Amino acid sequence: MTDSTAETPRSPRDDSAAPNFIADIIDDDLRTGKNGQVLQTRFPPEPNGFLHVGHAKAICLNFTMAERAGFGLCNLRLDDTNPVAEDDVFVQSIQADVRWLGFDWKERIYFASDYFERIYECAVTLVKKGLAYVDSQSPEEIREGRGNYYQVGKNSPFRERSVEENLTLLTRMRAGEMKEGEAVLRAKIDMAHQNMNMRDPLLYRIRHASHHRTGDAWCIYPMYDFAHPLSDAFEGVTHSLCTLEFENHRPLYDWFIESIGGFQPVPRQIEFARLNLTYTILSKRKLQQLVAEKHVNGWDDPRMPTIAGMRRRGYLPESLRAFAERIGVAKRDSLIDVSLLEYQLREDLNAHANRTMAILRPLKVVLENFDEGREEVFEVPLHPEYPERGVRRVTLTRELWVERDDYMQEAPKKWFRLAPGKEVRLRGACLITCQSAVHDEAGNLIELRCTWDPESLGGSTPDGRKVKGTLHWLSTRDAVKATVRLYDRLFSEEDPEGHEGRSFLEFVNP
RNA sequence: UCUGGCAUCGUCUAACGGCAGGACAAGGGACUUUGAAUCCCUGAAUCAUGGUUCGAAUCCAUGUGCCAGAACCA
């Protein structure tokens with residue numbers, strides 16, 4: 001049992017950016033002076049849910065890549081272009097989680113919604129260049145017109161509207177004179193392009209919805225494909241890192257930057273493989289479902305793979321950062337074994353956490369030769385490897401709790417814990433020998449009758465005999481009942497080992 | 001049937017034409033007042049077939065497999 005509030009023996013930021021293919025690209029650009037003295041990345045989540053450990057990888061990557069040059073920066077940008085999905089509570093949680101991970105965007109927190117006016121101006125520019133048009137087809141007609149993987153699309157009947165007409169219609173769209181679905185603004189690219197993203201993609205759709213930041217100021221909202229490259233360009237982003245599923249969007253990203261023109265530096269999109277973890281759901285949609293259907297107690301439920309959930313569960317930010325560093329960055333789809341994450345956490349926790357003793361499923365032990373009312377106080381180091389951290393005091397009394405799993409009626413050969421006739425060490429206290437077990441009429445184990453060796457104070461063996469088992473224990477007198485809600489919930493409904501309900505109490509000494 | 005991307009130990013990842021290395025996991029051992037931690041050891045890989053080369057995981061060709069893509073989501 002551990003207490004993770006102990007101070008850290010490690011520097012909170014001793015991990016440096018490891019080489020990877022993105023670092024290589026950045027280093028090349030730095031060397032050739034492609035963007036001059038500018039190295040700018042950004043972490044751009046949509047505020048429609050809590051961040052999870054997959055986002056942690058992206059956060060670490062963007063911030064550490066920016067650190068490759070002394071002048072590099074990483075912005076936090078909330079990609080809030082879809083008012084119906086987004087909410088301010090997520091804006092808040094995202095900031096808290098990034099900060100908890102140990103990254104600082106300083107004053108550079110931006111919102112795509114702050115760019116709505118500029119993005120709109122870019123749309124007008126495209127219309128004036130004859131590169132965008134208002135399409136009045138229905139959503140179904142647009143979908144059908146797009147064709148499919150094997151069939152080219154066909155031009156919209158509205159594709160050749162005049163610049164003037166498009167400008168008028170776009171103005172009316174913005175003014176709220178049209179219903180949702182009545183019209184969209186599309187880029188005029190190529191309906192026969194092999195890349196479906198290039199078949200006249202949508203730039204704007206009409207949403208008569210209130211936005212969490214802009215309220216009712218707008219009723220048309222830019223699509224991700226349009227807003228994202230522009231937001232990057234506005235912020236001077238040089239390296240726009242995103243996950244593999246946007247690979248097919250890159251030609252469109254570049255098309256917008258080039259068609260609108262005049263941006264310096266020119267942002268470049270680079271894709272990497274998203275994090276997949278064994279036994280772990282990292283799909284925002286599914287996590288959303290767990291929350292919505294109340295299978296969990298909110299986004300920060302300790303069972304959730306969200307950063308907030310992991311924080312509540314006792315994860316350390318440096319463990320997440322070290323993990324991100326350890327798994328590397330590549331373009332191949334991967335499925336990381338969760339044991340790698342757990343290893344990293346154990347490593348950090350082992351160093352951080354002061355020790356205490358706990359009993360999850362108590363079994364009473366009575367020391368027959370230990371007088372009622374007597375007490376022996378022992379000092380046990382808070383951490384076996386860091387004696388300078390000090391000691392805690394534990395008191396031995398006649399009646400104790402030990403872990404139920406630490407006793408077996410019929411012990412196998414290599415069983416070093418309690419069994420009739422077996423001797424074990426109570427950590428930090430003494431040696432005890434199990435004399436007998438007491439059962440009730442139904443045959444349930446009630447308590448253990450043991451004897452202690454007064455010569456073994458502190459758990460030493462004056463005669464040098466070997467005792468292989470060392471057990472956690474608590475005095476029934478001053479054990480503190482500290483039922484952990486998570487544990488309670490995990491085990492109260494399903495009990496694979498058939499234990500009784502009361503056995504799930506947890507006791508921790510002070 | 002289309003377009004794009006990716007293939008190295010069980011899992012991640014390194015080697016950038018010159019000894020296939022590391023970590024996790026697994027197995028074995030030592031030590032231990034948490035069956036923890038720590039330490040040592042072992043097994044374990046270049047998708048396939050050709051080609052270029054003194055030399056190929058790396059370059060070329062062909063094939064195979066996997067992932068992504070047809071929201072007015074991001």
Side-chain angles (χ1 to χ4, degrees), chain A residues 1-2 18-21 24 44-46 48-49 79-82 84-86 112 135 137-140 142-144 146-153 180-186 193-199 201-207 220-221 223-225 227-228 242-251 271 273-276 278 284-285 323 326-344 346-347 349-351 355-358 380-381 383-385 406 414-417 424-431 456 458-461 467-472:
Chain A
M1 197 40 58
T2 58
N20 58 57
F21 80 98
D24 290 343
E46 181 187 16
N48 66 343
D79 208 355
D80 54 353
T81 57
N82 183 10
V84 298
E86 297 145 8
D135 196 346
Q137 293 183 104
S138 70
E140 296 71 35
I142 289 176
R143 191 184 330 116
E144 283 161 24
R146 193 151 30 217
N148 57 46
Y149 299 145
Y150 318 113
Q151 197 122 40
V152 300
E180 289 187 11
E182 195 176 329
V184 292
L185 185 70
R186 298 180 77 177
H193 201 107
Q194 298 125 325
N195 184 339
M196 300 284 289
N197 294 123
M198 301 295 273
R199 319 246 259 230
L202 273 58
L203 272 49
Y204 271 98
R205 77 288 216 190
I206 298 169
R207 282 281 172 280
I220 59 173
Y221 291 92
M223 302 290 289
Y224 163 87
D225 278 320
H228 206 87
C242 65
T243 47
L244 247 27
E245 63 266 33
F246 294 104
E247 231 159 6
N248 291 338
H249 295 241
R250 189 175 354 116
E271 309 85 10
R274 70 179 319 127
L275 173 69
N276 295 299
T278 56
K284 211 184 237 179
R285 210 201 100 251
F323 171 70
R326 215 176 253 271
I327 58 178
V329 182
K331 292 195 78 161
R332 103 179 60 157
D333 297 300
S334 60
L335 179 60
I336 311 278
D337 198 315
V338 75
S339 65
L340 187 59
L341 210 211
E342 291 168 347
Y343 166 81
Q344 189 62 55
R346 278 200 307 275
E347 183 156 280
L349 234 31
N350 181 46
R355 272 50 165 174
T356 190
M357 292 195 283
V380 185
H383 194 294
E385 291 166 46
D406 285 342
K414 295 198 79 177
W415 178 260
F416 300 125
R417 289 176 271 174
V424 301
R425 172 183 295 108
L426 296 182
R427 175 156 166 79
C430 65
L431 304 182
S456 65
S460 59
T461 51
V467 176
K468 285 203 159 186
T470 299
L471 268 42
H472 276 212

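The chains referred to below are lettered A, B, ... by the order of the sequence lines, with proteins before strands, and numbering in each begins at 1. Keep in mind that what you see is a predicted model, and the values were worked out from it rather than measured. Note: hydrogens, waters and symmetry copies are ignored here, and every other heavy atom, side chains too, is used.
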Take atom [atom1] in [N] and the same atom in [M], then report the distance between them in whole Å.
| N | M | atom1 | answer |
| --- | --- | --- | --- |
| B:C59 | B:C73 | C1' | 42 Å |
| B:G5 | B:C9 | C1' | 24 Å |
| B:C39 | B:A44 | P | 24 Å |
| B:C24 | B:C40 | P | 11 Å |
| B:U53 | B:C60 | P | 16 Å |
| B:G65 | B:A48 | P | 15 Å |
| B:A36 | B:G28 | P | 13 Å |
| B:A56 | B:A15 | C1' | 13 Å |

Please answer whether the main-chain N or O of [Y] pairs with a side-chain N or O of [X] as donor and acceptor at a distance below 3.5 Å.
| X | Y | result |
| --- | --- | --- |
| A:Asp337 | A:Leu340 | no |
| A:His228 | A:Met223 | no |
| A:Arg205 | A:Gly181 | no |
| A:Glu86 | A:Asn82 | yes |
| A:Arg199 | A:His193 | yes |
| A:Thr278 | A:Val338 | yes |

Distance check needed: [N] [atom2] versus [X] [atom1], whole Å only.
| X | N | atom1 | atom2 | answer |
| --- | --- | --- | --- | --- |
| A:Glu342 | B:U11 | CD | C1' | 14 Å |
| A:Lys468 | B:G35 | NZ | P | 12 Å |
| A:Gln344 | B:C12 | CD | C1' | 13 Å |
| A:Arg425 | B:G35 | CZ | C1' | 13 Å |
| A:Leu341 | B:A25 | CG | P | 12 Å |
| A:Leu275 | B:U11 | CG | C1' | 13 Å |
| A:Glu247 | B:G4 | CD | P | 11 Å |
| A:Asn350 | B:U32 | CG | C1' | 13 Å |

Under 4.0 angstrom between A:Arg346 side-chain N/O and B:A25 OP1 or OP2: yes
From B:A37, B:A23, B:C12, nucleotide with atom closest to A:Ile336 side chain: B:C12
Test item: [X] and [Y] side chains (from C-beta on) under 4.5 Å apart, heavy atoms:
| X | Y | value |
| --- | --- | --- |
| A:Leu431 | A:Thr461 | yes |
| A:Phe416 | A:Val424 | no |
| A:Arg274 | A:Glu245 | yes |
| A:Tyr343 | A:Glu347 | yes |

Other residues, nucleotides, ligands: >12 heavy atoms within 6.0 Å of A:Glu180 CD: yes
Chi-based syn or anti call at B:A70, which uses purine or pyrimidine torsion atoms and a 90° bound: anti
Consecutive-pair stems (3 or more, Watson-Crick or G-U, under 3.5 Å) for RNA chain B: B:2-7 with B:64-69, B:10-13 with B:21-24, B:26-30 with B:38-42, B:47-51 with B:59-63
A:Glu247 and A:Lys331 ion-paired at < 4.0 Å: yes
Considering every strand and a 4.0 Å limit on heavy-atom distances, what is the contact class for [X]: base, sugar-phosphate, or nothing?
| X | result |
| --- | --- |
| A:Leu426 | nothing |
| A:Phe416 | base |
| A:Arg199 | nothing |
| A:Gly469 | nothing |

Closest non-hydrogen atom pair between A:Asn248 and A:Pro251, with its separation: O-CD, 3.6 Å
Donor-acceptor pair under 3.5 Å, A:Arg417 side chain vs B:G35 base: yes
Contact letters for nucleotides 14-20 of chain B, in which S counts primed atoms plus P, OP1 and OP2 and B counts the base, heavy atoms under 4.0 Å: --B----
B/S/- contact track for nucleotides 64-74 of chain B, protein heavy atom under 4.0 Å: ---SBBBSBSB
A:Arg250 vs A:Ser339, nearer the 5' end of RNA chain B by closest nucleotide: A:Arg250
Option among A:Val184, A:Leu185, A:Thr81 that satisfies the side-chain contact (heavy atoms from CB on, under 4.5 Å) test with A:Tyr204: A:Leu185
